[in-house]
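Notes follow the structure.
Order of appearance sets the numbers: ligands from 1, and atoms from 1 within every ligand.
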Amino acid sequence: MNECELLATCGFFQKYQSSLDMACRGFVKTYCRGEKMDECRRKEYRRQHGKSPHDDMLPTGQMMPREYQQSAR
Ligand code: SF4
């Protein structure tokens, strides 16, 4: 599989997929559509808690810095 199976339901992806910010693009390229999709901390959170993490939690498990957060659409 070359795309994460959660693309359609992942809050992070939905919110930041079209961001032009290089860091966001990097996360999408590396995790959501890349080799690290199985290491995504958002997935791990879902498994552990049975619900999705906050949209601003990054695939690394850190929170998106406030100045980069986009308001919900
Ligand atoms: S952030 Fe993680 S769970 Fe969400 S689409 Fe990307 S790889 Fe999948």
Side-chain angles (χ1 to χ4, degrees):
M1 194 190 308
N2 51 17
E3 273 188 357
C4 174
E5 70 280 9
L6 300 174
L7 285 190
T9 55
C10 177
F12 170 81
F13 183 77
Q14 293 302 319
K15 190 167 173 181
Y16 291 105
Q17 61 176 321
S18 52
S19 169
L20 297 178
D21 180 79
M22 290 308 283
C24 289
R25 293 172 67 130
F27 285 125
V28 168
K29 185 166 183 280
T30 310
Y31 287 87
C32 311
R33 294 201 164 105
E35 69 279 6
K36 290 178 88 171
M37 67 179 71
D38 293 328
E39 295 167 41
C40 179
R41 290 294 181 82
R42 293 183 56 87
K43 272 191 199 177
E44 190 181 315
Y45 184 100
R46 276 204 198 206
R47 273 197 302 271
Q48 285 181 356
H49 300 272
K51 59 179 185 180
S52 305
H54 192 282
D55 292 351
D56 291 311
M57 183 177 143
L58 300 169
T60 56
Q62 293 165 308
M63 290 302 285
M64 180 74 80
R66 193 172 292 276
E67 60 267 37
Y68 291 105
Q69 288 182 13
Q70 293 179 3
S71 49
R73 291 187 208 137

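Formation of a donor-acceptor pair under 3.5 Å by the Q17 side chain with backbone atoms of L7 is not found in this model. With hydrogens and angles disregarded, a donor-acceptor distance shorter than 3.5 Å links the side chain of R42 to the backbone of H54. Formation of a donor-acceptor pair under 3.5 Å by the K51 side chain with backbone atoms of R46 is not found in this model. A distance-only check finds no donor-acceptor pair linking the side chain of K15 to the backbone of D56 [under 3.5 Å].
Contact atoms of ligand 1 toward F12: 1 (S) (distance under 4.0 Å to a heavy atom of the residue). For ligand 1 and L7, the ligand atoms under 4.0 Å from any heavy atom of the residue are 5 (S). Those atoms of ligand 1 that come under 4.0 Å of a heavy atom in C4, given as number and element, are 3 (S), 5 (S), 7 (S), 8 (Fe). For ligand 1, the atoms lying closer than 4.0 Å to a non-hydrogen atom of K43 are 3 (S).
At a 4.0 Å heavy-atom cut-off, ligand 1 touches C40 through the side chain alone.
Side-chain contact check for Y16 versus M64: some heavy-atom pair is nearer than 4.5 Å.
Atom 8 (Fe) of ligand 1 has no N, O or S atom of C32 inside 2.8 Å of it.
Note on E35 versus K29: no salt bridge recorded, every NZ/NE/NH1/NH2 to OD/OE distance being 4.0 Å or above.
Of the protein's heavy atoms, C10 SG, 2.3 Å lies nearest to atom 4 (Fe) of ligand 1.
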